Structure formats: C-alpha cells, structure tokens
Amino acid sequence: DLDSKKIAVSPISPFRPRRWKGKILKDSSIIKIQNLDMKKRPISIAADNLQVKNVKSVIIKMQKKIKFNKEIDQLIFAGDLVNRGKDSHKVLEFCINNKKSVSGVLGNHDFYLLYLIEHQKKDKSLKKVLESKNIKHYQSWLKALPLFLEIKIKETNEVFWISHAGIPFIWSIDDAKKLSKEVQASLKNDASNILAKMWGDTPKKWNENLKGYKRLRVIINYFTRMRYLSEDGSLRLDVKSKTAKKGYIHWFNQTKLNLKNNENIVFGHWASINGKTNIDNIIGLDTGCIWGNKLTAIRLEDKKIFQIKKQ
C-alpha cells in the first residue's frame, strides 16, 4: 500500500462486474461483497497473491498494524500458539507455511497439544488441529521449537531473550540456554515419556543435582508456567492473579537485578498483569486477548508496541 492510507478495489475482469470500474477507499473501510446468484455469476477474489474461486461472500479489511513481509521479516511467537482461541489450526497452518520467517518458543498449551498428539488423546477445544491432515507437520514443527531464544539487534546493540513465562533469577543466561537445549533433546529422543511425565508442581525449586523426569519437569515449569517465586527462587504455581500473596514475588522483580541496560526479556503467559511489569527491559506481551482485551506484539528494533482489539 506504500503507506498511502488507501485501499484499491478493482474487478479482475473488465466484464465483471459490469459497468463498475473499481474504487479507491480509505484504509479504515470495511468492504463486504455478497454474491446473490453463484450459479449465474461465479466470483473469484484475489488479494496479496492469493486467489479464491466461487466465493459466496467476502469481507475485505486492511491489516495495517503489522505489515508482515515473509521475505524480509522474522515473526517470533512467545509461546501458546494454540488453545488461545478457536483458530489454533489456522495459526499452525500459517507457521508451517512460513517456516523460514516464523519461529517461537514453546508455551504450556503447546506442550499440552504435543502430549495429546503423542498419546492420541482428544480435546474438543483442539479438535480441528487433532483431526487435521497436517497433524504430523504441526507436531514436528512444534517439537523443534526451543523454550528460550536469543535475538541480537546490531543497530541498537541490544539483546532480547524470549521465553514463554520468563527467566528466573536463579539461572544465568548460559543456564537458560543449556536447559532449553536439554529439554529439546529430550523431546527429540524421548517425547512419549517426557510428555506423559511432565505434569505436576513438584519439584518446586531448581537444583542442579536433579535427574530424570523430575529435572525436566521443573525446567519446563520455570520456562512455561512461572509467575510468582519465593525469595529463594522456589516456584509458586497456585496463584495467577496480578496481586501477590505474602511471600510471593513477581519473578521479574527478582530477575531485573541480573540485567544490564542493553539486555531485555520478552515473555507472554501472564494475562492478568496485562503486560505491565513497570520495568523497561522486561516486556510482557500477554494482554488477555482471549479474555476480550488486546493482542500485543513488539518490534524489537525500536521496541514499538502494536496492539489490536479482539475481533
């Protein structure tokens, strides 16, 4: 659109629709086209190199918040790609169709889907995903995702660490990298067992001497379920609200002391705080879209926030 703030709507064929030469509209316009007789007047709709034939009705609306270009942009999901709305299958289709330009980290709901697939379980909320012909593609793409990502921006000399729930203060960044790789390797080599045995709230505290599935479970819980910690870094998983109980500390209020000015953490997961940490370099993206609020993204190059209301 070349930032013109306009939408150009034109007929594909000069003969259909008759006597209509098209229209240039404001980019805030919402256009609805209804086919009154599909047999006599078949209609095709084309936009952004996509064409759909035999259309009964279509709504055209400009996506002007994020102009994602798969040829030059990198889109990174902060976990929970699924089960946060009715179109989980469409999200996964988008991801596998844009593998070169889409990545992310695993969230707790993504682990749940992997468990359902691996153990052939059912869930009504994920029915379309579980019955999709592309289920194996979804599974292999998700299993390859890490729990921790590092993104460096050369222009600003800033680094961003991305994890679904965050990074506890008891881990260094090198620890987080190593432990993410440990879970990834287990998912690759022992998926059935780890996905069956990852459930539970114990151990509550990380210990380097932990072994086996207890070790993997607590790593996954820190990366994907953490909200509150105790003073010694033990997980407090029983509270989800933004208001802390006595002895419960927002994890980011401890981790902030580990960060330098050019170091940032981006996380999702905690909808009840509406993305607010009151810390400039610890950025929450879960602003409760599924609960009727907003969907939030950040452009890392300049930390600009983009938001859209739930549709």
Side-chain angles (χ1 to χ4, degrees), residues 63 68 75-99 101-149 162-166 180 183-184 186-201 213 216-217 219-227 237-238 240 267-272 275 284-297 308-311:
Q63 171 52 277
F68 174 66
L75 187 63
I76 303 167
F77 288 95
D80 280 359
L81 287 82
V82 301
N83 219 14
R84 301 287 80 193
K86 64 181 181 180
D87 290 327
S88 295
H89 63 296
K90 292 183 180 179
V91 174
L92 291 173
E93 280 294 317
F94 174 81
C95 292
I96 65 172
N97 288 330
N98 296 279
K99 289 181 181 179
S101 53
V102 174
S103 60
V105 293
L106 287 172
N108 47 308
H109 287 274
D110 307 318
F111 270 103
Y112 176 58
L113 174 59
L114 286 172
Y115 162 76
L116 294 176
I117 298 171
E118 191 73 33
H119 291 274
Q120 299 181 4
K121 302 288 185 179
K122 296 181 180 180
D123 187 309
K124 288 183 179 178
S125 65
L126 290 166
K127 188 174 185 290
K128 289 182 180 179
V129 174
L130 295 171
E131 294 180 355
S132 170
K133 64 180 181 180
N134 287 327
I135 185 70
K136 291 298 182 183
H137 294 294
Y138 302 158
Q139 181 185 27
S140 61
W141 187 80
L142 286 170
K143 281 174 69 174
L145 293 181
L147 286 80
F148 170 95
L149 269 177
I162 303 169
S163 170
H164 179 60
S180 173
V183 174
Q184 271 190 287
S186 297
L187 278 175
K188 181 179 179 180
N189 301 316
D190 190 26
S192 180
N193 284 320
I194 186 177
L195 291 168
K197 297 178 180 181
M198 67 181 179
W199 311 103
D201 296 349
Y213 299 112
L216 294 169
R217 185 189 306 132
I219 295 171
I220 292 170
N221 281 345
Y222 274 109
F223 272 128
T224 68
R225 297 181 61 206
M226 174 180 67
R227 292 184 180 92
L237 296 173
D238 59 317
K240 298 181 180 181
F267 71 102
H269 185 57
W270 201 345
S272 63
L285 294 182
D286 192 335
T287 46
C289 182
I290 190 174
W291 310 116
N293 295 322
K294 295 178 179 179
L295 182 67
T296 299
I308 56 171
K309 293 180 181 179
K310 182 180 179 182
Q311 301 297 308

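Starting from 1, each residue takes its place in the sequence as its number. If you're wondering where the values come from, they're calculated on a predicted model, not measured in any experiment.
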Check: Residues in side-chain hydrogen bond (donor to acceptor under 3.5 Å, both in side chains) with Gln139, at least two apart?
Finding: Glu118
Next item on the list: Measure from the side-chain N and O atoms of Arg217 to the backbone N and O of Trp199, and report whether any donor-acceptor pair falls under 3.5 Å.
Entry: yes
Note to self: To check you understand the geometry: which heavy-atom pair defines the closest contact between Ser103 and Leu149, and what is its length?
What the structure shows: OG-CD1, 4.2 Å
Notebook entry, point to check: Who are the side-chain hydrogen bond (donor to acceptor under 3.5 Å, both in side chains) partners of Asp238, not counting sequence neighbours?
Noted result: Tyr248
Notebook entry, point to check: Excluding sequence neighbours, so at least two apart, what forms side-chain hydrogen bond (donor to acceptor under 3.5 Å, both in side chains) with Asp110?
Noted result: none
Notebook entry, point to check: Under 4.5 Å between any side-chain heavy atoms of Leu130 and Ile117, yes or no?
Noted result: yes
Check: Okay, side chain of Asn221, backbone of Gly200: is any donor-acceptor separation there less than 3.5 Å?
Finding: yes
Considering only distance and modelled atom types, tabulate donor-acceptor pairs under 3.5 Å from the side chains of residues 289-297, sequence neighbours left out.
unit_1 : atom_1 : unit_2 : atom_2 : d
Thr296 : OG1    : Thr287 : OG1    : 2.6
Thr296 : OG1    : Gln307 : NE2    : 2.9

Checklist line | With sequence neighbours excluded, residues passing side-chain contact (heavy atoms from CB on, under 4.5 Å) with Lys121 | finding: Tyr115, Leu116, His119
Note to self: With heavy-atom distances below 4.5 Å as the criterion, would you say the side chains of Asp123 and Leu113 are in contact?
What the structure shows: no
What donor-acceptor contacts under 3.5 angstrom involve side-chain atoms of residues 85-95, with partners at least two apart or in another chain?
unit_1 : atom_1 : unit_2 : atom_2 : d
Ser88  : OG     : Asn83  : N      : 2.8
Glu93  : OE2    : Asn134 : ND2    : 2.6
Glu93  : OE2    : Tyr138 : OH     : 2.5

Notebook entry, point to check: Taking only residues two or more places apart in sequence or in another chain, which ones pass salt bridge (Lys or Arg N to Asp or Glu O under 4.0 Å) with Arg225?
Noted result: Asp201
Item checked: Minimal non-hydrogen separation, Phe68 against Leu75, with atom names -> CE1-CB, 3.7 Å
Margin query: Given 3.5 Å as the limit, does a donor-acceptor pair link the side chain of Asn108 with the main chain of Asp80, or not?
Written below: no
Next item on the list: Heavy atoms only: give me the nearest Gly104-Leu145 pair and the separation to one decimal.
Entry: O-CD2, 3.7 Å
Note to self: Suppose we screen for side-chain contact (heavy atoms from CB on, under 4.5 Å). Which residues come up paired with Ser186, at least two apart in sequence or across chains?
What the structure shows: Ile194, Leu216
Margin query: Treating Trp270 as the side-chain partner and Lys240 as the backbone partner, does any N or O pair qualify as donor plus acceptor under 3.5 Å?
Written below: yes
Margin query: Under the rule for ring pair (Phe, Tyr, Trp, His ring centres under 6.0 Å), what residues qualify as partners of Phe267, not counting sequence neighbours?
Written below: Trp251
Next item on the list: Working to the nearest 0.5 Å, report the span between CG of Leu147 and CG of Leu187.
Entry: 7.5 Å
Margin query: Are Phe111 and Leu195 packed together at the side-chain level, in the sense that at least one heavy-atom pair is separated by less than 4.5 angstrom?
Written below: yes
Check: Out of curiosity, Ile135 CD1 to Ser140 OG, how far, rounded to the nearest 0.5 Å?
Finding: 10.0 Å
Notebook entry, point to check: Measuring from His269:NE2 to Asp286:CG, what's the distance to the nearest 0.5 Å?
Noted result: 8.5 Å
Next item on the list: Of all the heavy-atom pairs spanning Leu106 and Thr224, show the shortest one and how long it is.
Entry: O-CG2, 3.6 Å
Next item on the list: Find the distance between CG (Leu237) and OH (Tyr222) and round it off to the nearest 0.5 Å.
Entry: 9.0 Å
Next item on the list: Go through the structure and list residues passing side-chain contact (heavy atoms from CB on, under 4.5 Å) with Ser163, not counting sequence neighbours.
Entry: Ile167, Phe223
Note to self: Tell me which pairs pass salt bridge (charged side-chain N to carboxylate O under 4.0 Å, His left out) where either residue lies in residues 127-142, with sequence neighbours left out.
What the structure shows: Lys127-Glu131
